[in-house]
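Every heavy atom of this structure was used, including side-chain atoms; hydrogens, water molecules and symmetry mates were not.
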Amino acid sequence: RSLEPLFHVGLIAKDGKHFYTVNDDPTYLPGVTGILSMRSKDALVPWASKVTADYIFRKLKQVYGYKLTDRFMDRLYTRAKKQPRFAKELAAYIGTNAHQIFDSIICKEREVKGETIFMESFVHWLKTEKLKIVKGDTKIASLQYGYGGSLDVLLQGPDGKLIIGDFKTGNNLYDTHAYQVAAYSQAFKETYGIDYRPQGVILRFCKEKQQYERREVADINIAFDGFKAALDMFNNSKYVQFKNRELVKVEKVKKEKVIA
């Protein structure tokens with residue numbers, strides 16, 4: 001049968017965050033990626049440290065042999081602290097552009113504006129992928145669990161079963177990416193009225209080399225349990241967890257000589 005949504009899902013951008021609406025309901029549903037941000041990625045701390053250290057090393061190398069003034073060190077310190085944020089914003093910009101171009105190609109638009117370092121890898125994936133591409137970027141929502149999302153690509157296997165596909169342009173894949181695809185799977189099930197959660201596949205396109213990584217989610221239901229745990233944390237964070245704050249100042253006590 002043809003795939004038609006049971007309800008319309010809209011995307012709203014507000015204060016740098018994405019929200020979703022269903023039909024004419026004014027309620028803003030949180031996005032999947034926003035919910036999963038409650039769970040920290042262990043690799044981000046060493047990554048941020050490396051970005052900062054690399055920046056300091058490059059700058060100090062430029063002034064090697066010169067006297068380091070207090071003004072230079074203050075500026076270096078201030079700018080070094082900002083490097084992880086700059087790197088994160090650049091990665092997000094590259095990823096957003098890549099996703100837009102990928103979707104233009106999938107939808108077979110006549111003109112594809114822009115080009116990314118992922119282009120050859122993406123085109124190679126399109127030519128060699130054994131799964132049939134059904135849809136590109138699709139807005140979906142879960143009314144049962146109260147969230148929305150945008151899946152990158154909908155695929156179909158030889159057995160006719162649908163598969164949720166997600167594109168990544170970062171340096172690594174994390175468990176949260178499996179949770180993300182599982183959340184899309186549940187939302188797609190509800191939005192399009194099918195009777196199962198589609199399996200998921202993640203494609204990570206490398207920035208440094210013309211290659212990509214393809215990984216399937218081991219168990220979509222177990223991965224969705226992981227997402228639900230993050231959703232519980234997200235919903236719980238709306239409530240105040242402490243009643244008040246009391247700061248107790250402790251006076252220094254003179255040490256007395258202890259006689260054995």
Exercise for the section: May I ask you to check whether Tyr145 and Phe224 place their ring centres under 6.0 Å from each other? Expected result: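 Centroid separation for Phe224 and Tyr145: below 6.0 Å.
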Exercise for the section: Examine Phe188 together with Tyr184 and report whether their ring centres are nearer than 6.0 Å. Expected result: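 Centroid separation for Phe188 and Tyr184: 6.0 Å or greater.
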Practice task
Look at the aromatic rings of Phe102 and Phe122 and report parallel, tilted or perpendicular, splitting at 30° and 60°.
Solution key: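 Rings of Phe102 and Phe122: parallel, under 30°.
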Strictly distance-based, threshold 3.5 Å: is any side-chain N or O of [X] a donor or acceptor partner for the main-chain N or O of [Y]?
{"X": "Thr191", "Y": "Ala141", "value": "yes"}
{"X": "Gln83", "Y": "Arg79", "value": "yes"}
{"X": "Glu190", "Y": "Gln144", "value": "yes"}
{"X": "Gln156", "Y": "Val134", "value": "no"}
{"X": "Ser237", "Y": "Phe234", "value": "yes"}
{"X": "Asp25", "Y": "Thr27", "value": "yes"}
{"X": "Ser185", "Y": "Gln199", "value": "no"}
{"X": "His99", "Y": "Thr96", "value": "no"}

Handout entry: Contact list for residues 137-151, test salt bridge (Lys or Arg N to Asp or Glu O under 4.0 Å), sequence neighbours left out
Key =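 Residue pairs passing salt bridge (Lys or Arg N to Asp or Glu O under 4.0 Å), neighbours aside: Asp137-Lys139.
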Exercise for the section: For Val153 and Ile106, run side chain to side chain contact (heavy atoms under 4.5 Å, CB included): C-alpha distance rounded to whole Å, both residues' side-chain angles, the deciding distance at 0.1 Å, then the answer. Expected result: CA-CA 8 Å; Val153 64; Ile106 289 173; 4.0 Å; yes
Problem - Spacing of CG belonging to Leu126 relative to CD1 belonging to Ile133, to within rounding of 0.5 Å - result: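 These two atoms lie 5.0 Å from each other.
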Handout entry: Among Tyr20, Tyr179, Phe227, the one residue meeting ring-ring contact (aromatic ring centres under 6.0 Å, His included) with Tyr147
Key =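 Considering Tyr20, Tyr179, Phe227, a ring-ring contact (aromatic ring centres under 6.0 Å, His included) with Tyr147 is found only for Phe227.
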Exercise for the section: Please determine which of Glu120, His124, Lys168 meets the side-chain hydrogen bond (donor to acceptor under 3.5 Å, both in side chains) test together with Tyr212. Expected result: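 Of the listed options, the one satisfying the test is His124.
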Practice task
Step through the shown structure and confirm whether more than 12 heavy atoms of other residues, nucleotides or ligands are within 6.0 Å of OH on Tyr77.
Solution key: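 Counting neighbours around OH of Tyr77, 12 or fewer heavy atoms of other residues, nucleotides or ligands fall under 6.0 Å, so no.
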Practice task
Evaluate the side chain to side chain contact (heavy atoms under 4.5 Å, CB included) criterion for residues Leu29 and Val9: first the C-alpha distance (whole Å), next the side-chain angles of each, then the deciding distance (0.1 Å), finally the verdict.
Solution key: CA-CA 10 Å; Leu29 300 177; Val9 180; over 6 Å; no
Exercise for the section: Kindly determine whether Asp225 and Lys228 satisfy salt bridge (charged side-chain N to carboxylate O under 4.0 Å, His left out), including the steps that lead there. Expected result: CA-CA 5 Å; Asp225 287 340; Lys228 285 193 295 183; 3.5 Å; yes
Practice task
Please confirm whether Lys14 makes a cation-pi placement over Tyr28, using NZ or CZ under 6.0 Å from the six-membered ring centre and within 45° of the ring normal.
Solution key: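 Verdict for Tyr28: no cation-pi partner in Lys14.
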Exercise for the section: Check side chain to side chain contact (heavy atoms under 4.5 Å, CB included) between Asn221 and all other residues, then give those that pass, not counting sequence neighbours. Expected result: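 For Asn221 the side chain to side chain contact (heavy atoms under 4.5 Å, CB included) partners, ignoring immediate neighbours, are Arg197, Asp219.
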